[in-house]
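In listed order, ligands and their atoms are each counted from 1. Below, all heavy atoms of this structure are taken into account, side chains as well, without hydrogens, waters or symmetry copies.
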Amino acid sequence: MLTTTKKIIFYVVVLALLAEQVWVFGPAVKSMLFPPHEDVAQAGARVALSMGCPACHGAAGGGGFDNPGSDNGVVPALSGGEIMMWADEPEHLREWILYGRRLDDESGSDRSGFTAGQGSARAVVMPAYEPFLANGELDQLIAWLGAISGLQFPDAPASAPDEEKQRTARVADGLELAHRLGCFSCHGPMGTGGVQNPGSLKGYVPGFFGEDYAELVVDNEELRQWISDGAVSRLLDNPFARRVLETQALKMPSYRDFLEDEEIDALVELVAWLASDSWREMPVP
Ligand code: HEC
Ligand code: HEC
């Protein structure tokens with residue numbers, strides 16, 4: 001009799017300890033079962049945050065505040081194509097980040113020797129990050145700048161067949177629409193990986209690249225379903241996946257009732273183009 005009671009107490013204690021372990025290590029176990037996938041540009045976004053870039057250039061690089069004494073009067077944006085006004089070639093972007101200025105100084109103004117707060121010609125000075133960046137972080141920042149720059153735009157050469165030109169035009173329409181509808185606010189710039197999403201399988205809104213995308217979108221039919229219905233039947237038929245889709249904090253909107261068929265076509269072409277990764281080969285600037 002006594003031994004049975006002891007046994008029961010023993011098992012209750014063991015169960016309680018196990019439950020505690022799952023509680024404590026839950027997120028670790030979850031990320032082992034469902035490993036997160038990070039894009040190089042998303043890694044760059046993290047580096048940017050850790051280096052304080054948004055403090056001056058705005059949250060998504062959308063531009064800063066007044067900068068008395070500077071050429072433009074404001075801290076420049078990193079998005080919306082503005083990078084091109086400051087950097088004509090990829091090397092210039094590296095120089096801006098490493099040394100806080102362009103070494104050739106073609107812009108005419110003398111940017112050398114500026115130290116914030118010590119008689120500098122402008123109130124706010126771009127820092128020189130060379131001493132602070134670890135191996136690989138510069139490339140990650142450049143990839144991030146590429147994704148937010150607004151310069152990696154679909155373009156067909158004049159010699160391309162008509163069919164390709166028409167497709168490119170639809171991708172371009174899709175890109176404009178995606179900016180307006182906030183697709184990149186949730187899925188990350190150019191779909192390079194999105195924001196945190198409590199209750200989701202991986203903990204974040206997936207991007208349009210790599211393994212996450214391959215698992216969630218098997219073909220263009222599913223791609224269209226995601227955009228028009230906010231889910232795909234393959235996942236809704238699976239009770240576990242369905243529960244996650246229905247209970248996660250951020251949910252994919254269903255655009256069916258709000259967009260024309262051609263607009264959904266353009267978004268499908270756009271996401272397929274982004275997922276093919278060909279946009280990354282385009283030069284920035
Ligand atoms: C203390 C404020 C500040 C911080 C922090 C800062 N910048 Fe800048 N940045 C500037 C200013 C000001 C300029 C314009 C330089 C001028 O007017 O001489 C600039 C210029 C640039 C340029 C060239 C202009 C353009 O729009 O293309 C790039 C690229 C750039 N910064 C990237 C970054 C990155 C990446 C980070 C983080 C690693 C960063 N900046 C952090 C203030 C800042
Ligand atoms: C409010 C945030 C939000 C917005 C805005 C949003 N989505 Fe989503 N999207 C999600 C979530 C959440 C999922 C579900 C992913 C999952 O299973 O966890 C998703 C899934 C997807 C998927 C499936 C695969 C994948 O890797 O992402 C595609 C494709 C997609 N969205 C495209 C778009 C497009 C195109 C737009 C703009 C027209 C858009 N989304 C706008 C949150 C959003």
Side-chain angles (χ1 to χ4, degrees), residues 44 47-57 61 63-65 67 69-87 92-98 100-102 107 109 111 114 116 120-127 129 132-133 137-138 141-142 144-145 149 174 177-188 191 193-195 197 199-217 222-227 230-232 235 241 244-245 248-253 255 258-259 263-264 266-268 270-272 274-275 284-285:
V47 175
L49 207 57
S50 73
M51 295 289 153
C53 318
C56 296
H57 291 286
F65 36 75
N67 191 10
S70 67
D71 296 348
N72 284 23
V74 291
V75 180
L78 303 174
S79 58
E82 265 192 56
I83 279 184
M84 214 161 49
M85 288 166 34
W86 296 76
H92 293 157
L93 278 186
R94 295 179 181 272
E95 291 174 3
W96 270 111
I97 297 172
L98 293 176
R101 64 194 177 94
R102 261 171 65 167
S107 58
S109 51
R111 296 178 195 281
F114 290 151
S120 69
R122 44 181 63 66
V124 180
V125 175
M126 168 74 192
Y129 280 100
F132 306 114
L133 292 172
E137 289 186 337
L138 180 61
L141 279 174
I142 302 273
W144 172 69
L145 286 173
S149 68
L177 198 53
H179 278 295
R180 290 212 319 262
L181 292 172
C183 312
F184 301 142
S185 298
C186 281
H187 290 280
V195 294
N197 191 9
S200 64
L201 200 57
K202 300 257 173 128
Y204 54 86
V205 178
F208 309 144
F209 70 94
E211 288 176 41
D212 288 347
Y213 182 80
E215 282 161 17
L216 293 168
V217 183
E222 282 204 353
L223 180 49
R224 177 175 302 277
Q225 263 194 47
W226 272 111
I227 298 170
V232 288
L235 294 181
V244 172
L245 284 179
Q248 59 190 351
L250 297 179
K251 298 178 185 73
M252 173 65 191
Y255 289 100
F258 310 106
L259 296 179
E263 293 178 311
I264 294 195
L267 288 169
V268 167
L270 166 74
V271 175
L274 291 171
V284 175

Would you say the side-chain atoms of [X] pair up with the backbone N or O of [Y], donor to acceptor, closer than 3.5 Å?
X	Y	value
S70	R122	no
R102	W86	yes
W96	M126	no
N67	V124	yes

Exercise for review: Would you please classify the geometry between the F208 ring and the H187 ring as parallel, tilted or perpendicular, with 30° and 60° separating the classes?
Suggested key: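 It falls in the tilted class, 30° to 60°.
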Just going by heavy-atom distances, which of [options] is nearest to [atom]?
atom	options	answer
atom 13 (C) of ligand 1	P76, P54, S79, A87	P76
atom 29 (C) of ligand 1	V124, L93, V47	L93
atom 38 (C) of ligand 1	P127, G44, C53	C53
atom 30 (C) of ligand 1	R122, E82, H57	H57
atom 32 (C) of ligand 1	M126, R94, R102	M126

Nearest non-hydrogen protein atom, [atom]:
atom	answer
atom 24 (C) of ligand 2	V217 CG2, 3.5 Å
atom 17 (O) of ligand 2	L245 CD2, 3.6 Å
atom 25 (C) of ligand 2	G207 O, 3.6 Å

Point to revise | Close N or O approach (A55, ligand 1; < 3.5 Å) | key: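 N/O-N/O distance under 3.5 Å: no.
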Consider ligand 2: state whether an atom of it lies below 4.0 angstrom from any non-hydrogen atom of [X].
X	answer
E222	no
L201	no
L223	yes
G182	yes

Review point. Less than 4.5 Å apart, any side-chain heavy atom of K251 and any of N197?
Key: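 When only atoms from C-beta onward are counted, N197 and K251 do not touch, as no gap falls below 4.5 Å.
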Point to revise | Atoms of the protein (N/O/S only) found under 2.8 Å from atom 8 (Fe) of ligand 2 | key: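 Hits for atom 8 (Fe) of ligand 2 below 2.8 Å: H187 NE2, M252 SD.
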Give the atoms of ligand 1, by number and element, whose distance to some non-hydrogen atom of [X] is under 4.0 Å.
X	answer
M51	38 (C)
G52	5 (C)
N67	12 (C)

Exercise for review: Compute the shortest N/O to N/O distance between Q248 and ligand 2 and return yes if it is under 3.5 Å, no if not.
Suggested key: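 So ligand 2 has an N or O lying under 3.5 Å from an N or O of Q248.
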Check your understanding: Going by heavy atoms, is V125 under 4.0 Å from ligand 1?
Key ->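 Yes, that is the case, since the closest heavy atom of the residue is under 4.0 Å from the ligand.
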